[in-house]
Amino acid sequence: MALLALGGGFLGVSAAAASQPLAQPHAAVTGENYVIGTDTTFAPFEYREDGELTGIDMDLIRDIAANQGFTVEIKSLGFDAALQALQSNQVDGVIAGMSITDERELIFDFSDPYFDSGVQMAVAEDNTEITGYADLVGETVVAKRGSEGETFANSIKDEYGFTVKALADSATMYDDVKAGNSVAVFDDYPVLAYGINQNNGLKSVTEKEQGSSYGFAVNKGQNPELLAAFNTGLAELKDNGEYQTILDTYLEQPAPAMASGFFGLLSDSMPALMKGLGLTLLATGLSILIALVLGVLFGFFKVSESRVLRGIASVYVSIFRGTPLLVQAFFFYFGLPQLTGQSIDVLTAGVLTLSLNAGAYMTEIVRGGIQSVDPGQTEAGRSLGLGYVTTMRRVVLPQAVKIMTPSFINQFVMTLKDTSLLAVIGFAELTYQGQQIYAANFRTGETLLIVAALYFIVINLLTMLSNKLDKRFNK
């Protein structure tokens with residue numbers, strides 16, 4: 001058997017197989033473009049450096065695509081969101097350091113393994129009490145949701161008497177340990193080693209435990225040509241040495257992070273944060289315009305003499321005020337494509353979510369504003385021979401607008417802040433960009449301080465502008 005090193009693990013390749021000529025690129029994928037979902041924070045497999053998505057998985061999928069004659073569009077969604085996007089056909093495949101398990105093979109088709117993983121435990125670097133599993137009795141540990149680390153931790157928790165808590169990404173887990181909320185973290189050894197090398201404030205205290213292999217996934221029974229092309233391209237990268245070069249680039253003594261002050265972090269982060277802020281303002285502006293139209297329309301329905309129109313408006317308001325915004329975002333981005341068979345881009349899903357949600361609140365603002373005007377004003381208009389519509393337009397609404405304006409300004413601010421929730425579906429707004437930054441540099445507190453300051457500045461500027469416009473037009 002010829003052995004190929006795999007970052008600490010080995011995959012066997014028979015000499016006969018190695019000597020055979022490799023297959024030509026698959027004609028079925030030549031010239032095709034595939035959308036590939038991935039995680040947002042799983043260095044060194046996928047992370048952002050200088051604003052660009054990089055890592056072992058990213059280099060592999062791009063090199064395999066070039067080798068096999070197809071192109072890829074990468075969507076950085078987060079692990080859970082990437083799997084949901086695959087199941088709802090928003091993406092064609094997922095590569096995200098994903099362990100091949102029996103349970104997942106019931107839902108997805110996997111490629112040949114491209115990395116042999118393993119699990120290690122780490123604690124805060126100043127922790128001298130936890131040196132092994134036996135010291136975890138009565139304690140809480142943390143692992144990444146759906147990861148090999150979580151599976152392993154759960155397999156030994158009863159033996160050693162500890163509790164397992166699952167979080168969404170590595171950076172958050174490491175912060176949880178440093179904050180003392182958990183005493184240890186279980187994570188994939190290359191991810192943990194990379195983070196420690198980049199000064200994440202932890203130290204490993206156990207040897208590597210044997211784990212599963214990582215694979216590229218597609219939906220069960222779908223895109224077999226893409227899966228075949230991945231396997232062929234992977235074999236060729238291993239044969240010509242590119243595969244080992246990629247692994248060595250990220251796993252063989254990666255350069256430690258260079259220390260920089262707060263202003264250095266601010267300078268380095270600003271391009272990505274400005275991009276995120278631009279998308280935040282775009283989504284907010286579009287959502288507010290649509291919500292305003294919806295609010296006025298359904299607000300008039302709520303005060304209409306027609307029971308049908310009042311009923312329609314009431315149902316709309318009840319649905320979007322009675323369900324969490326996060327659930328609505330998941331529904332529009334993941335659920336709706338499954339029901340309709342039509343994919344939807346993340347900006348459209350985000351604007352739909354925000355506008356429909358804000359529109360429900362604006363409906364109540366409009367209703368309350370109209371009903372707060374003295375009914376005698378309506379009667380006076382009608383007594384002068386004005387029709388209902390004319391009375392509303394010339395008598396009631398000018399007075400109602402003055403009452404509604406402060407609430408509209410408040411809803412505008414709320415909608416801007418609500419854009420941060422769209423990070424969970426991979427919308428690259430301001431909060432998302434902040435997550436990308438601290439996932440790579442592990443300077444969570446400072447990064448979030450910068451993000452919060454940007455929100456504070458923008459919201460206060462917009463509030464001041466809105467108040468000036470209110471004073472000018474509602475004298």
Side-chain angles (χ1 to χ4, degrees), residues 35-59 61-62 72-79 81-82 96 168-172 174-175 191 194-195 198-200 250 254-286 329 333 345-347 349-351 354 416-459 461-462:
V35 181
I36 306 299
T38 190
D39 203 347
T40 57
T41 57
F42 199 57
F45 290 90
E46 43 265 342
Y47 64 102
R48 289 192 185 274
E49 188 173 71
D50 298 327
E52 296 297 321
L53 198 59
T54 187
I56 294 172
D57 287 353
M58 299 300 94
D59 285 3
I61 191 64
R62 287 167 179 151
V72 291
E73 176 189 345
I74 307 295
K75 285 191 174 183
S76 180
L77 301 170
F79 187 74
D169 60 73
S170 295
T172 305
Y174 301 159
D175 287 333
V191 178
Y194 185 89
Q198 299 300 306
N199 305 319
N200 68 356
Y250 296 96
M258 299 297 294
S260 63
F262 177 81
F263 291 103
L265 173 64
L266 180 63
S267 175
D268 293 340
S269 304
M270 201 51 62
L273 294 178
M274 287 298 100
K275 177 183 176 182
L277 181 59
L279 288 174
T280 292
L281 294 175
L282 174 62
T284 302
L286 291 174
Y333 191 59
D345 66 84
V346 68
L347 175 61
V351 170
L354 293 174
L416 193 152
K417 291 192 289 187
D418 284 344
T419 58
S420 62
L421 295 175
L422 300 182
V424 300
I425 60 173
F427 183 58
E429 46 69 63
L430 183 55
T431 299
Y432 176 95
Q433 296 292 350
Q435 291 172 342
Q436 299 291 300
I437 292 167
Y438 69 66
N441 62 24
F442 301 100
R443 297 172 67 176
T444 307
E446 294 167 283
T447 303
L448 289 178
L449 181 63
I450 295 170
V451 170
L454 287 174
Y455 274 117
F456 179 81
I457 292 168
V458 171
I459 288 173
L461 288 175
L462 292 175

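The residues of the chain are indexed from 1 along the displayed sequence.
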Under the side chain to side chain contact (heavy atoms under 4.5 Å, CB included) rule, what do Leu454 and Met274 come out as? Steps first, then yes or no, please. CA-CA 9 Å; Leu454 287 174; Met274 287 298 100; 3.9 Å; yes

Heavy atoms, side chains only, cut-off 4.5 Å: are Leu416 and Leu281 in contact? yes

Under 6.0 Å between ring centres: does that hold for Phe427 and Tyr333? no

ring-ring contact (aromatic ring centres under 6.0 Å, His included) with Tyr438: which residues, sequence neighbours excluded? none

CZ (Arg48) and OH (Tyr432) are apart, to the nearest 0.5 Å, by 4.5 Å

Closest heavy-atom contact between Ala82 and Gly37? CB-C, 4.2 Å

Compare all side-chain heavy atoms of Thr54 with those of Glu52 and state whether any distance is below 4.5 angstrom. no

Do Val451 and Ile437 have side chains that get closer than 4.5 Å, going by heavy atoms? no

Tyr194 and Tyr47 aromatic ring geometry - parallel, tilted or perpendicular at 30°/60° bounds: tilted

Taking all non-hydrogen atoms of both residues, which atom of Leu279 and which atom of Ala428 are closest, and how far apart? CD1-O, 3.2 Å

Could you list the residues that satisfy side-chain contact (heavy atoms from CB on, under 4.5 Å) with Ala96, not counting sequence neighbours? Thr38, Asp39, Glu46, Phe79, Val94

Heavy atoms only: give me the nearest Val191-Ala43 pair and the separation to one decimal. CG1-O, 3.1 Å

Which atoms form the tightest heavy-atom contact between Arg62 and Leu53, and what is the distance? NH1-O, 2.9 Å

Rounded at 0.5 Å granularity, tell me how far CE in Met270 sits from CG in Leu265. 9.0 Å

Non-neighbouring partners of Ser267 that pass side chain to side chain donor-acceptor pair (under 3.5 Å), sequence neighbours left out: none

In short, Gly276 meets Gln433 closest at the heavy-atom pair CA-CG, 3.6 Å

Just how far is it from atom OG of Ser269 to atom CD of Gln436, taken to the nearest 0.5 Å? 12.0 Å

Kindly write out the residues that satisfy salt bridge (charged side-chain N to carboxylate O under 4.0 Å, His left out) with Asp59, not counting sequence neighbours, or none if the list is empty. none

Could you give the distance from CD1 (Ile457) to CG (Leu277), rounded to the nearest 0.5 Å? 9.5 Å

Distance-only donor-acceptor check, side chains Tyr174 and Thr444, under 3.5 Å: no

Run the ring-ring contact (aromatic ring centres under 6.0 Å, His included) test against Phe42 and tell me which residues pass, sequence neighbours left out. Phe45

Passing option when Leu422 is tested against Val346, Val351, Thr280, Leu354 for side chain to side chain contact (heavy atoms under 4.5 Å, CB included): Leu354

Do any pairs count as a side chain to side chain donor-acceptor pair (under 3.5 Å) and have a residue in residues 447-459, sequence neighbours left out, and if so which ones? Glu429-Tyr455, Thr431-Tyr455

Going through the distances and angles, do Val458 and Leu430 end up as a side chain to side chain contact (heavy atoms under 4.5 Å, CB included)? CA-CA 12 Å; Val458 171; Leu430 183 55; over 6 Å; no

Gap separating the CD1 atom of Ile36 from the NZ atom of Lys75, nearest 0.5 angstrom: 11.0 Å

